[in-house]
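What follows is a short report on a single structure.
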Number of protein chains: 2
Amino acid sequence: MPTIKDVAREAEVSIASVSKVLNDPNYGSVQMRSRVMRATRKLGYQPNNIARSMVMGKTKIIALVIPDIRNQFFTSVARGVEDVASKYEYRVILCNTDEDATKQREYIDTFRSKIVDGFIISVASDRDQYLAKVDGQTLPFVYIDRLCEGISADAIVVDNQDGAHKAVSYLLELGHRRIGLVAGKSDTLTGRERLRGYQEAHESVGANLHSDLMIDGGFTIEGGYEATKALLGLSQPPTAIFIANNAMTIGCLKALAEAKVKIPDEISVIGFDDSEWAEFFSPPLTVVRQPTYTMGTLAGEILFQRILGTAPQEKQEIVLRPELVVRESCRALS
Amino acid sequence: MPTIKDVAREAEVSIASVSKVLNDPNYGSVQMRSRVMRATRKLGYQPNNIARSMVMGKTKIIALVIPDIRNQFFTSVARGVEDVASKYEYRVILCNTDEDATKQREYIDTFRSKIVDGFIISVASDRDQYLAKVDGQTLPFVYIDRLCEGISADAIVVDNQDGAHKAVSYLLELGHRRIGLVAGKSDTLTGRERLRGYQEAHESVGANLHSDLMIDGGFTIEGGYEATKALLGLSQPPTAIFIANNAMTIGCLKALAEAKVKIPDEISVIGFDDSEWAEFFSPPLTVVRQPTYTMGTLAGEILFQRILGTAPQEKQEIVLRPELVVRESCRALS
DNA sequence: CTGAAAGCGCTAACAG
DNA sequence: CTGTTAGCGCTTTCAG
């Protein structure tokens, strides 16, 4: 690989001049500029960003850390982040932790060594406090969707309790009284808040809570599948199921299909998170929709405010409202 | 951020010693080692990888460049790549080009400046020859799924023509003679090969090809939706549809649902690419399945052979076989 | 066994 | 308008 030195020699100028010409389109005399440009082209020179980053202390890269790359919720968020990053001429790299706190630690270490200028993170578990090692002052980060209480940073979240409440209230209004919950990971705020919304919806109409109806599905496809099978195996199975995320909904539907339980005739279903296929599934799925793309753009904007130093001192927390999208997977209990 | 200098001062040794202790667990005397370790912990020192990368010429990062992050095919490939990368103690960063050759160029430039040690790429378009700028000798890369003919590199691909052939032959055996094709991007090899398989299956049984039945869907959800609507609007609509990828299948199903065309009673459907929801869709979708995860691990292994210099001189091309997964979305024409 | 010094490729004062 | 020089934080000979 040619370096700036080679270009300087070829163009017969100093390396400083090459650097300046390359970084400032109208530096120097016309002749020199053209000599440098010609040499650059001739050698196929590409500046070494590693070296540049070292002296500038900036890499022009941000990271987005997500727990499950196969979950459309996160990939949709990613599209939002990418769009604002490209506006600021930044690249975004995606890091998948696979719901694994250890992998998350590895990525955090990588970031702490200045490989990115900032990052957006949806934590794998809020039981892991490793994030506290990051000094938000020198390496800004913002939470999206899932945060760690106690470790302060800007955050873009959705009112999960409200979303779950809306879904379960709807089921309750339809007359259901045995509503199964395929719950999310209890070591995430979102998991706990959705559980809380489920409970609170029951409480607000004086309905009884049955502990055998609440099963942890760990936010994964497999977990959702197992939880649903367990629910179906109950001596008194639920007449409706509320599933706390995307991935688990896939597992739940699979279990329902295997058991040949008809939706909505034999069981009503509501999922948290919309997805591209939910709409034309048959029957079309009723879901709680989160504004994923917007969450991504907002998180991106705040992060760049921090990176550019234009953000206010105090941390901001933006809470978005989820929305109930009623389709045809629920029916009234007669 | 503390630097190696700070640690050296704190431990009262030279920076060279700190560096050596940190990189070689049994360097130096026991006392010195412990002094260094204590200082490291006390200051919360984290080596600056940018600096390290500069002197070592390695970043311990590889990139995976994909055209559509919302497509499960690619995210599943990504899981495979990640698993082998972590085996080699590498991080993988994901770069989404959004089927856009310009974005792809930007990423390639970023890589050429030594920000990664190598990359795996599924090209956005093989009409763009920018990739030729990277010198595979200094910056190894391997193709996955979609490649650029004329720009030599290792490749992991699937026999797309064979996959399409299997699907269409199956439809033909079922008695269908007007089979719609929602085709992939014509500027990708995969798109062209799948089209070729469709044609060749017809030829091999002497069936006529109707040009009005072959519509380009551009590999996107929207494209699949529009193509299907066009197919449905024909004076003589098809009795079966073969869709050349995942994303377009979603669009196709949406169009079919809107037009209230029943699958498989009124139309038979086969998609290229399996997905998590295809199985419990009703009816369960018959698809051509690619070994996505395996493709990712193979690509990763070859890339590391190149990075570590243990690969043979000549480029390898591994062609995997897709498989027809028959479920319930096709019926025989009586 | 330890430290001084060179240098990775680049930018940014500072001189000339 | 251009060039010299001093680092950025780290690894790595090479002496001591």
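Chain A is the first sequence line, chain B the second, and so forth, proteins listed ahead of strands; every chain is numbered from 1. When reading the values below, keep in mind they use all heavy atoms of this one structure, side chains included, and skip hydrogens, waters and symmetry mates. This is a predicted model, so every value here is computed, not measured.
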What's the closest nucleotide to the side chain of B/K5 if the choices are D/dT11, D/dT2, D/dC8? D/dC8
Whole-Å distance between [N] [atom2] and [X] [atom1]?
X: B/Q46; N: D/dC10; atom1: CD; atom2: P; value: 10 Å
X: A/M54; N: D/dC10; atom1: CE; atom2: P; value: 9 Å
X: A/Q31; N: D/dC1; atom1: CD; atom2: P; value: 12 Å

By side chain to side chain donor-acceptor pair (under 3.5 Å) - contacts of [X] (at least two apart):
X: A/Q104; result: none
X: A/R112; result: B/Q46
X: B/T297; result: none

Between B/Y45 and A/S29, name the one whose nearest nucleotide on DNA chain D is closer to the 5' end. A/S29
Set of residues satisfying salt bridge (Lys or Arg N to Asp or Glu O under 4.0 Å) with respect to A/R38, sequence neighbours excluded: none
Could you walk me through whether B/R146 and B/T188 pass the side chain to side chain donor-acceptor pair (under 3.5 Å) check? CA-CA 7 Å; B/R146 304 188 193 169; B/T188 64; 4.8 Å; no
Pairs in or reaching into [range]: which pass salt bridge (Lys or Arg N to Asp or Glu O under 4.0 Å), with residues at least two apart or in two chains?
range: residues 293-312 of chain B; answer: B/K87-B/E301, B/D154-B/R306
range: residues 9-24 of chain A; answer: A/D6-A/R9, A/E10-A/K42
range: residues 118-130 of chain B; answer: B/R105-B/D128, B/D126-B/R192

Can you list the residues that meet the ring-ring contact (aromatic ring centres under 6.0 Å, His included) rule with B/Y90, with sequence neighbours excluded? B/F304
Report which part of the nucleic acid A/N23 touches: base, sugar-phosphate, or nothing (heavy-atom distance under 4.0 Å, all strands).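 Contact class for A/N23: sugar-phosphate only.
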Which side-chain N or O atoms in residues 72-81 of chain A pair as donor and acceptor under 3.5 Å with protein atoms at least two apart or in another chain?
residue : atom : partner : partner atom : Å
A/T75   : OG1  : A/Q72   : O            : 3.2
A/S76   : OG   : A/T292  : OG1          : 2.7
A/R79   : NH1  : A/E82   : OE1          : 3.3
A/R79   : NH1  : A/D83   : OD1          : 3.3
A/R79   : NH2  : B/D98   : OD2          : 2.8

Stems formed with participation of DNA chain D [Watson-Crick or G-U wobble, under 3.5 Å, three or more pairs]: C:1-16 with D:1-16
Between which nucleotides of DNA chain C, read 5' to 3', does contact with chain B run, using atoms under 4.0 Å from its heavy atoms?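 Counting from the 5' end, contacts occupy C/dT2 to C/dG9.
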Atom pairs, protein N/O to nucleotides 3-7 of chain D N/O, distance under 3.5 Å:
residue : atom : partner : partner atom : Å
D/dG3   : OP2  : A/S14   : N            : 3.0
D/dG3   : OP2  : A/S14   : OG           : 3.4
D/dG3   : OP2  : A/S17   : OG           : 2.9
D/dG3   : O6   : A/K20   : NZ           : 2.5

